[in-house]
Amino acid sequence: MSDKKSQQLWTGRFSEATDAFVQAFTASEHFDRRLYRQDIRGSKAHARMLKAVGVLTDDECRAICDGLDGIQADIEAGRFEWSPALEDVHMNIEKALTDRIGEAGKKLHTGRSRNDQIATDVRLFLREEIDAVIHQLRRLQQGLVSLAAREAETILPGFTHLQVAQPITFGHHMLAWYEMLVRDEQRMNECRARVNVMPLGSAALAGTSFPIDRGLTCDELAFDRPSDNSLDAVSDRDFAIEFCSAAALTMTHLSRMAEELVLWASPLFGFVDLPDRFCTGSSIMPQKKNPDVAELVRGKAARVQGTLTAMLTLMKGQPLAYNRDNQEDKEPLFEAVDAVRDSLTAFADMVPNLSVIRERCYAAAREGFATATDLADYLVRHGVAFRDAHEIVGRSVRYAQERGVDLAELSLDELRQFSDAIGEDVFEVLTLEGSVAARNHLGGTAPEQVRLQIEKAKKRFS
Ligand code: ARG
């Protein structure tokens with residue numbers, strides 16, 4: 001027997017050592033070592049359960065748990081020697097355990113398989129990561145609400161088709177972002193509920209002949225319940241796909257915010273100034289201040305969408321139960337977890353600290369005939385049918401445009417050329433302040449509504 005062969009834990013039925021390339025090709029230890037804490041936690045719970053049902057003695061269980069604690073300390077101190085010949089995180093730890101405590105170590109794997117073990121590890125891991133993602137989501141939500149409070153009355157142009165449409169309040173815009181993130185949080189919570197089911201005890205695929213007590217391991221690992229079907233529990237990764245889907249949607253939202261921040265921070269818009277500490281300069285153009293963090297968040301959205309495609313495609317051709325294909329779920333999942341958590345963290349730090357250049361926002365809203373709809377609505381209130389009002393205002397806009405002025409800058413006589421329904425009071429609706437204040441109903445952009453929504457949001461955080 002070669003050295004290599006003797007390291008592996010399943011060589012009994014093999015007559016030759018694994019091909020060196022195959023060994024490297026099948027190894028996952030270099031990425032799944034990230035699950036060492038969950039793997040050790042699951043193993044300790046399993047050992048304690050085996051003791052409780054009489055499969056392990058007290059001494060064996062104690063040796064196993066102490067040994068696993070020692071291994072965890074070694075890993076965390078950087079003293080642990082990972083070996084690709086031992087394939088994955090599970091066998092690296094199990095082999096180290098046996099090296100450390102002898103015979104008892106060999107009994108740990110009684111009544112389980114790496115198939116239920118990895119499914120358990122990934123669920124424990126994802127549960128923690130979802131909590132971290134939710135924490136960052138809520139930090140960003142709170143930041144947006146405080147920015148909305150600061151800028152509840154600030155006027156900026158609202159766009160459709162990226163053409164100036166109607167004046168809105170900056171606070172209202174921030175609360176639109178906030179709403180997206182509230183739904184993202186709901187999706188994460190719903191995903192968490194389906195993640196939090198325990199596969200351990202399913203063993204390889206059919207369960208085990210040992211008298212296991214899944215209630216014990218379930219309580220110790222704080223899962224909501226043990227899974228009801230062993231074939232399903234070891235094989236499906238729908239919970240991870242669901243996470244990637246929720247993460248992809250969150251990233252899509254962050255990417256849309258990023259896009260607006262990039263535009264707004266451009267001197268051509270000049271609506272906001274991003275804190276210097278979140279921007280970088282150019283190696284050649286001294287005047288540049290680039291919104292790289294926002295751009296990277298927009299870029300990482302692509303990466304996370306890729307993980308969803310990878311995970312869906314990974315699953316679709318698999319017959320029941322476990323297949324090694326599932327080893328390919330780890331890297332995309334880790335990628336999605338890291339990208340969404342880091343992007344949220346970056347935005348939670350950056351966005352509430354941007355400064356709004358109020359004069360620029362205001363000037364932009366004045367330039368684009370943003371109160372044209374208000375003039376049409378005014379005409380309707382004075383007896384003109386909406387279609388006719390639309391036509392009248394369209395002609396007024398063309399007239400103002402030719403003279404290079406805003407509607408509010410036309411004289412009453414000039415406006416009355418287009419309709420004699422127009423009176424002196426028209427100028428109240430042509431101001432930006434009047435326009436936003438008039439949209440004072442649930443969901444509208446009026447500062448008063450923004451403040452009501454802020455109060456509602458604050459209740460979620462108390
Ligand atoms: N590394 C494997 C995975 O990530 C662990 C389970 C391996 N099971 C097996 N029978 N080869 O899915």
Side-chain angles (χ1 to χ4, degrees), residues 4-5 7-14 17-19 21-43 45-46 68 71 75 80 82-97 106 108-129 195 197-208 221 227 230-241 243-244 307 310-338:
K4 224 181 248 165
K5 186 179 167 193
Q7 265 216 52
Q8 292 161 335
L9 303 182
W10 39 253
T11 52
R13 59 102 65 222
F14 287 80
T18 317
D19 179 272
F21 177 79
V22 170
Q23 189 170 84
F25 185 71
T26 53
S28 56
E29 150 284 315
H30 56 288
F31 56 81
D32 66 17
R33 61 167 77 166
R34 180 165 174 178
L35 301 172
Y36 78 90
R37 267 192 310 112
Q38 293 79 13
D39 197 67
I40 288 174
R41 187 172 171 199
S43 288
H46 181 66
L68 288 169
I71 290 168
I75 294 172
F80 190 84
W82 295 94
S83 161
L86 289 164
E87 273 185 61
D88 53 28
V89 60
H90 322 297
M91 292 202 288
N92 268 272
I93 290 175
E94 193 188 317
K95 174 75 167 36
L97 180 68
K106 295 189 195 164
L108 170 62
H109 212 52
T110 311
R112 76 169 184 187
S113 152
R114 280 186 290 161
N115 298 350
D116 59 343
Q117 194 177 351
I118 187 63
T120 303
D121 290 2
V122 174
R123 284 173 183 266
L124 286 172
F125 166 82
L126 196 50
R127 188 176 71 185
E128 276 176 45
E129 293 296 337
V195 166
V197 174
M198 187 189 75
L200 194 62
S202 302
L205 75 165
T208 173
L221 298 173
S227 56
S230 60
L231 297 172
D232 173 49
V234 292
S235 66
D236 208 338
R237 297 292 182 264
D238 56 353
F239 66 94
I241 296 174
F243 174 82
C244 290
T307 69
M311 296 287 272
L312 282 166
T313 315
L314 178 66
M315 203 72 242
K316 72 177 276 297
Q318 289 193 46
L320 288 176
Y322 177 85
N323 302 281
R324 191 65 174 266
D325 313 40
N326 280 340
Q327 182 163 298
E328 291 291 312
D329 68 352
K330 253 64 92 209
E331 287 166 297
L333 183 62
F334 294 164
E335 220 179 309
V337 157
D338 291 338

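Quick caveat: nothing in here was measured; it's all calculated off a predicted structure. Just follow the structure's listing: the first ligand is 1, and inside any ligand the first atom is 1.
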Worksheet item: Which protein heavy atom lies closest to atom 7 (C) of ligand 1, and at what distance to 0.1 Å?
Response: Tyr322 OH, 3.5 Å
Response to the item:
Of all protein heavy atoms, the one nearest atom 9 (C) of ligand 1 is Asn115 OD1, 3.6 Å
Compare every heavy atom of [Y] with every heavy atom of [X], then report the nearest pair and how far apart it is.
X      : Y      : value
Pro199 : Thr120 : CD-OG1, 3.6 Å
Arg123 : Val195 : NH1-O, 3.0 Å
Thr110 : His46  : O-NE2, 2.7 Å

Discussion item. Check this for me - ligand 1, Gln327, N or O atoms closer than 3.5 angstrom, yes or no?
Written reply: yes
Worksheet item: Taking distance alone, with no angle check, do His90 and ligand 1 share an N/O pair under 3.5 Å?
Response: no
Worksheet item: Just heavy atoms, cut-off under 4.0 Å: does Gln117 contact ligand 1 by side chain, backbone, both, or neither?
Response: neither
Discussion item. With heavy-atom distances below 4.0 Å as the criterion, list the atoms of ligand 1 near Arg324.
Written reply: 11 (N)
Worksheet, complete the sentence: Under 4.0 Å from one or more heavy atoms of Ser28, ligand 1 contributes atoms 1 (N)
Discussion item. Any carboxylate oxygen within less than 4.0 angstrom of a Lys/Arg side-chain nitrogen, looking at Glu29 and Lys95?
Written reply: no
Practice prompt. Answer yes or no: is there an ion pair linking Asp88 with Lys330, defined by an N-O contact shorter than 4.0 Å?
Written response: no
Discussion item. Please check: side-chain N/O of Gln117 versus main-chain N/O of His109, any donor-acceptor pairing under 3.5 Å?
Written reply: no
Discussion item. Between ligand 1 and Lys330, can you find any atom pair, the residue atom being a heavy atom, that is separated by under 4.0 Å?
Written reply: yes
